[in-house]
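Here is the structure we will look at, set down as structure tokens.
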Number of protein chains: 2
Amino acid sequence: MNKTMTKGAAALPLNAILGGNCIEVMAGLPANSVDLIFADPPYNLQLKGQLHRPDNSKVDAVDDHWDQFDSFKVYDDFTRAWLREARRILKPNGSIWVIGSYHNIFRVGSALQDEGYWILNDVIWRKSNPMPNFRGKRYTNAHETMIWASKSEGAKYTFNYEALKALNEGIQMRSDWVLPICTGHERLKNENGDKAHPTQKPESLLHRILVGSTNPGDVVLDPFFGTGTTGAVAKMLGREFIGIEQEEAYREVAAKRIKAVRKFDREALQVSASKRAEPRVPFGQLVERGMLRPGEELFSMNQRHKAKVRADGTLVGGEVKGSIHQVGAALEGAPSCNGWTYWCFRRDGKTVPIDVLRQQIRAEMQA
Amino acid sequence: MNKTMTKGAAALPLNAILGGNCIEVMAGLPANSVDLIFADPPYNLQLKGQLHRPDNSKVDAVDDHWDQFDSFKVYDDFTRAWLREARRILKPNGSIWVIGSYHNIFRVGSALQDEGYWILNDVIWRKSNPMPNFRGKRYTNAHETMIWASKSEGAKYTFNYEALKALNEGIQMRSDWVLPICTGHERLKNENGDKAHPTQKPESLLHRILVGSTNPGDVVLDPFFGTGTTGAVAKMLGREFIGIEQEEAYREVAAKRIKAVRKFDREALQVSASKRAEPRVPFGQLVERGMLRPGEELFSMNQRHKAKVRADGTLVGGEVKGSIHQVGAALEGAPSCNGWTYWCFRRDGKTVPIDVLRQQIRAEMQA
DNA sequence: GTAAGCCGTGAATCATTCA
DNA sequence: GTGAATGATTCACGGCTTA
């Protein structure tokens with residue numbers, strides 16, 4: 001299953017789990033090469049010795065001067081360093097997801113903005129079965145926060161709007177997702193029955209992220225791979241993955257897990273497409289093909305206006321001449337108008353939107 | 001109703017709305033004197049052009065001068081300055097709530113931590129009726145984030161656990177609160193009918209915060225008072241308030257509003273628990289959660305039709321694609337169809353209606 | 001009087017292609 | 001690169017009008 005893809009000087013190892021420090025490993029990967037990054041970085045701000053400064057010098061675990069400020073400083077430096085490498089690797093139209101809790105997410109969000117990413121949404125994972133607060137001293141910590149950002153302002157990121165709307169039964173997907181935490185058979189265990197990883201994320205979370213922000217064949221990088229939830233879901237959904245994980249024990253669990261995953265069949269991976277992707281049909285073609293006759297009258301959806309079709313596919317309505325969109329906008333006094341859904345024609349006493357004719361043409365094109 | 005309370009050198013004006021810049025005004029207030037701070041600072045939205053709805057009406061966006069900042073640096077400096085003064089004024093066991101969106105909340109959260117506050121929870125306000133995303137380019141922005149923090153680590157902050165549990169029908173209050181946005185009669189209007197303030201917060205939000213984090217008689221400071229929601233709810237609940245607001249027009253509206261507020265009598269607090277309809281469960285969630293696999297076949301109740309599940313929660317049955325309801329209706333030649341009771345899946349040789357899976361999810365949600 | 005339907009609106013970083 | 005043309009896009013409520 002492993003492949004490599006050559007991009008510029010360095011090669012991009014696909015469907016592989018790489019060992020080592022994620023900042024160093026990412027530094028060896030080619031620029032502008034991955035479509036999506038999902039990152040679940042360490043939350044704990046008291047990591048001390050486990051963290052490296054951006055220059056890779058180790059933080060002294062027995063430093064007497066260790067205090068809260070140092071702690072934030074080191075965490076911020078670490079965060080900025082990995083986010084910088086991640087951004088270099090990301091394709092110009094790629095996007096990143098980062099998950100965290102109130103311990104670290106504000107540091108991460110600020111760093112994302114400072115490094116030039118452009119935040120698209122913050123999304124709340126609302127846990128349907130969180131651990132209660134036993135001491136009754138605070139609110140039940142029932143959610144985690146995810147940040148979705150593009151590489152830069154104005155980038156054309158992937159967002160499968162229709163697919164997400166379909167996932168949500170026809171209503172556009174919101175920024176709060178109700179999903180259970182990872183338990184039961186999905187939760188990976190060691191031989192001794194302990195959980196294999198303390199913060200294993202549910203596959204449902206990655207499913208929604210990958211369906212929404214990638215297309216089949218896209219490359220997904222996870223720099224804090226853990227037990228490989230990102231890789232497992234990527235494989236199911238026909239995406240390529242690259243995992244980076246420092247701990248050998250986790251790499252082993254992840255490799256075994258992903259090996260057992262079956263990819264969904266091709267038909268199942270097809271997802272509701274956006275109308276923007278449909279081929280463009282000029283209105284004039286309806287006239288050329290005789291679906292509408294020059295001189296025929298069209299009526300606005302609200303029955304308040306009418307216009308006449310001309311041989312070149314423009315309309316005349318009152319004083320206004322122009323495209324179906326221009327005439328519709330002018331008659332309504334609106335800044336814009338979708339002529340396809342605005343205008344109707346009459347056949348056998350019935351009023352039919354002209355969009356029906358466009359759909360006929362599109363159906364023929366596919367056949 | 002106004003009183004003053006002398007603390008050290010300066011006097012603490014109670015139940016007053018102070019004009020001027022909040023940083024300067026706070027600088028004139030005595031240290032360690034207020035029990036709670038609620039702050040709804042400018043979000044720094046950075047909006048570009050005009051946004052239209054699909055019906056071509058204009059979205060009345062926040063374009064006020066007070067929300068404009070030249071850069072993150074300027075915004076950060078402003079944030080740190082007011083948070084520093086706020087912390088000085090706060091009693092050692094007091095706490096602070098700050099609300100924001102992804103535009104600013106990460107800056108605010110980092111600043112809180114850097115200034116020495118200790119974050120207790122981040123709390124999500126899940127809006128039951130948010131404005132949709134009109135262009136289909138992102139997730140519906142359906143929530144805002146609040147941060148609750150004590151003055152320092154180890155402080156003995158107020159948390160009325162039992163009162164909140166009672167508010168939540170006997171279940172421990174979680175970090176996500178579902179509340180509607182401020183509309184209807186509660187929304188303050190100018191004489192011309194326009195909204196008096198672009199971002200008025202619902203009283204329900206402040207109600208929960210004040211019940212949870214203060215006791216009767218406590219002093220609540222709001223440095224971005226706006227139209228005085230904090231003051232109004234504080235008065236209802238028998239707390240003292242101090243408001244700071246730069247814009248005279250807002251101060252006038254707030255003063256008038258608060259004057260009309262009556263302190264609660266017990267009876268008014270009794271709110272009939274609204275019977276909620278059963279929560280809607282999108283079919284896609286069964287797929288995301290692995291209860292049904294993409295590619296798996298479903299069978300109609302009458303065994304006459306079958307269809308395949310796709311990754312986005314739509315079905316393919318013969319030539320027909322769409323939701324469980326749409327495909328069921330099409331295959332039956334019926335105008336409509338309840339897909340939940342129409343489709344079945346097979347497990348261990350048995351045929352089971354998919355509605356069983358929905359009931360499982362609902363049971364989890366209620367637990 | 002009541003029910004059904006239309007209209008307005010809310011903290012929004014909200015387009016893409018072709019000439 | 002710039003500007004014009006095409007044409008895609010909304011959920012939950014509250015208030016008011018009409019039947």
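Just so it is clear: chains get the letters A, B, ... in the order the sequence lines come, proteins before strands, and each one is counted from 1.
- Looking at Arg107(B) and Gln113(A), their side chains do bring a donor and an acceptor atom within 3.5 Å of each other.
- No hydrogens or angles considered: nothing links the side chains of Thr341(A) and Asp355(A) as a donor-acceptor pair under 3.5 Å.
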Trace of the side-chain contact (heavy atoms from CB on, under 4.5 Å) decision for Ile354(A) with Phe345(A): CA-CA 6 Å; Ile354(A) 59 172; Phe345(A) 64 102; 3.9 Å; yes
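- Put simply, CD on Glu186(B) is 18 Å from P on dT9(C), counting in whole angstrom units.
- Annotation: of the two residues near DNA chain C, Lys195(B) and Leu120(A), the 5′-most nearest-nucleotide partner is Lys195(B).
- Below the 3.5 angstrom threshold, one finds a donor paired with an acceptor across the side chain of Arg53(B) and the base of dG10(C).
- As judged by a 4.0 angstrom heavy-atom cut-off over every strand, Thr341(A) is placed among residues making no nucleic acid contact.
- In this structure, Tyr342(A) places its OH atom 17 Å from C1' of dA8(D), rounding to the nearest Å.
- One P atom belongs to dA8(D), the other to dC18(C), and the distance between them is 14 Å to the nearest Å.
- Each of Asp176(A), Asp122(A), Thr145(A) was checked for a side-chain hydrogen bond (donor to acceptor under 3.5 Å, both in side chains) with His143(B), and the lone residue meeting it is Asp122(A).
- Using a 4.0 Å cut-off between charged side-chain N and carboxylate O, Arg289(A) and Glu364(A) make a salt bridge.
- In this entry the distance linking CG of Asn302(A) with P of dC6(C) reads 13 Å, nearest Å.
- Nearest-nucleotide positions on DNA chain D place Phe283(A) closer to the 5' end than the other of Phe283(A) and Gly184(B).
- Across all strands shown, Lys275(A) has heavy atoms under 4.0 Å from sugar-phosphate atoms exclusively, and none from any base.
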From CA spacing to verdict: salt bridge (Lys or Arg N to Asp or Glu O under 4.0 Å), Glu203(B), Arg208(B): CA-CA 9 Å; Glu203(B) 296 185 356; Arg208(B) 192 173 292 183; over 6 Å; no
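- Across all strands shown, dA12(C) forms no Watson-Crick or G-U wobble pair with both distances under 3.5 Å.
- Glu144(B) comes within contact range of at least one nucleobase, with a heavy-atom separation under 4.0 Å.
- When heavy atoms are screened at a 4.0 angstrom cut-off, Ser101(B) is found touching no nucleic acid atom at all.
- The distance between atom CG of Asn44(B) and atom P of dA11(C), rounded to the nearest whole Å, is 18 Å.
- Classification of dT13(C) as syn follows from a glycosidic angle within 90° of 0.
- Put simply, the side chain of Ser274(A) and the base of dA8(D) share no donor and acceptor less than 3.5 Å apart.
- Under the Watson-Crick and G-U wobble criteria, each requiring two contacts below 3.5 Å, nucleotide dT9(D) is left unpaired.
- For dT13(C), neither phosphate oxygen OP1 nor OP2 lies less than 4.0 angstrom from any side-chain nitrogen or oxygen of Tyr75(B).
- A straight line from CG of Asp122(A) to P of dA11(C) spans 16 Å, rounded to a whole angstrom.
- Annotation: dG1(C) and dC16(D) have their C1' atoms spaced 16 Å apart (nearest Å).
- Interface remark: the Arg276(A) side chain does not form any donor-acceptor pair with the dT16(C) base, using a distance-only criterion of under 3.5 Å.
- Taking the 5.5 Å centre cut-off and the 30° plane limit, the aromatic side chain of Trp118(A) is classed as stacked on dT13(C).
- When Watson-Crick and G-U wobble pairs are counted only if both distances are under 3.5 Å, dT2(C) pairs with dA19(D).
- In the set dC13(D), dG10(C), dT13(C), the nucleotide with an atom closest to the side chain of Phe134(B) is dG10(C).
- A donor atom on one side chain and an acceptor atom on the other are found under 3.5 Å apart for Tyr250(B) and Trp66(B).
- Looking at Lys275(A) and Glu162(A), no side-chain N of the basic residue comes within less than 4.0 Å of a carboxylate O on the acidic one, giving no salt bridge.
- Using a 4.0 Å heavy-atom cutoff across all strands shown, Pro202(B) reaches no nucleic acid atom at all.
- Comparing His185(B) and Met131(B) by the nucleotide of DNA chain D that holds the closest heavy atom to each, the one mapping nearer the 5' end is Met131(B).
- Dashed line: the shortest gap from a side-chain N or O of Lys137(B) to OP1 or OP2 of dA8(D) is not under 4.0 Å.
- Phosphate contact (OP1/OP2 of dA8(D), side-chain N/O of Asn338(A), threshold under 4.0 Å): present.
- Annotation: dT13(C) and dA4(D) have their C1' atoms spaced 25 Å apart (nearest Å).
- Taking side-chain N and O atoms only, Asn141(B) has a distance below 4.0 Å to OP1 or OP2 of dT13(C).
- Taking side-chain N and O atoms only, His325(A) has a distance below 4.0 Å to OP1 or OP2 of dG7(D).
- Not one side-chain nitrogen or oxygen of Arg135(B) sits closer than 4.0 Å to the OP1 or OP2 atom of dT13(C).
- Pair check for dC7(C) finds dG14(D); Watson-Crick or G-U wobble, both atom distances under 3.5 Å.
- OP1 or OP2 of dC13(D) has not a single side-chain nitrogen or oxygen of Thr183(B) nearer than 4.0 Å.
- For the pair Arg126(B) and Trp177(B), the cation does not sit on the ring face, since its NZ or CZ is not both under 6.0 Å from the ring centre and inside 45° of the axis.
- Here dG8(C) presents its C1' atom at 13 Å from CZ of Arg187(B), a figure rounded to the nearest Å.
- For the OP1/OP2 pair of dA15(C) and a distance below 4.0 Å, the side-chain nitrogens and oxygens of Lys156(A) include no atom meeting the criterion.
- Contacts of Pro282(A) with the nucleic acid, taken as non-hydrogen atoms under 4.0 Å apart, are absent.
- Evaluation of atom-type donor-acceptor distances gives no pair under 3.5 Å for the side chain of Asp63(B) against the base of dA11(C).
- Between Lys165(A) and dT9(D) there is no side-chain polar atom (N or O) within less than 4.0 angstrom of OP1 or OP2.
- Residue Lys201(B) places a side-chain atom within donor-acceptor reach of the base of dA11(C), judged by atom type and a 3.5 Å distance cut-off alone.
- In this model, the phosphate group of dA8(D) is approached by a side-chain N or O of Arg358(A) to a distance below 4.0 Å at OP1 or OP2.
- One atom, CG of Leu51(B), and another, C1' of dC11(D), lie 15 Å apart when rounded to the nearest Å.
- In the set dT13(C), dC11(D), dA11(C), the nucleotide with an atom closest to the side chain of Gln113(A) is dT13(C).
- By the 4.0 Å N-to-carboxylate-O rule, Asp312(B) lies too far from Lys321(B) to be salt-bridged with it.
- Spacing between atom CD1 of Ile181(B) and atom P of dG14(D) amounts to 10 Å, rounded to whole angstrom units.
- Neither OP1 nor OP2 of dA11(C) sits under 4.0 Å from any side-chain N or O of His143(B).
- The same atom, C1', is picked in dG10(C) and in dG7(D); the two are 26 Å apart, to the nearest Å.
- Among the atoms of the strands shown, only primed sugar atoms or phosphate atoms (P, OP1, OP2) are found under 4.0 Å from some heavy atom of Ile171(A).
- Across all strands shown, Glu278(A) has no heavy atoms under 4.0 Å from either base or sugar-phosphate atoms.
- Looking at heavy-atom distances under 4.0 Å, Ser336(A) makes contact with a base.
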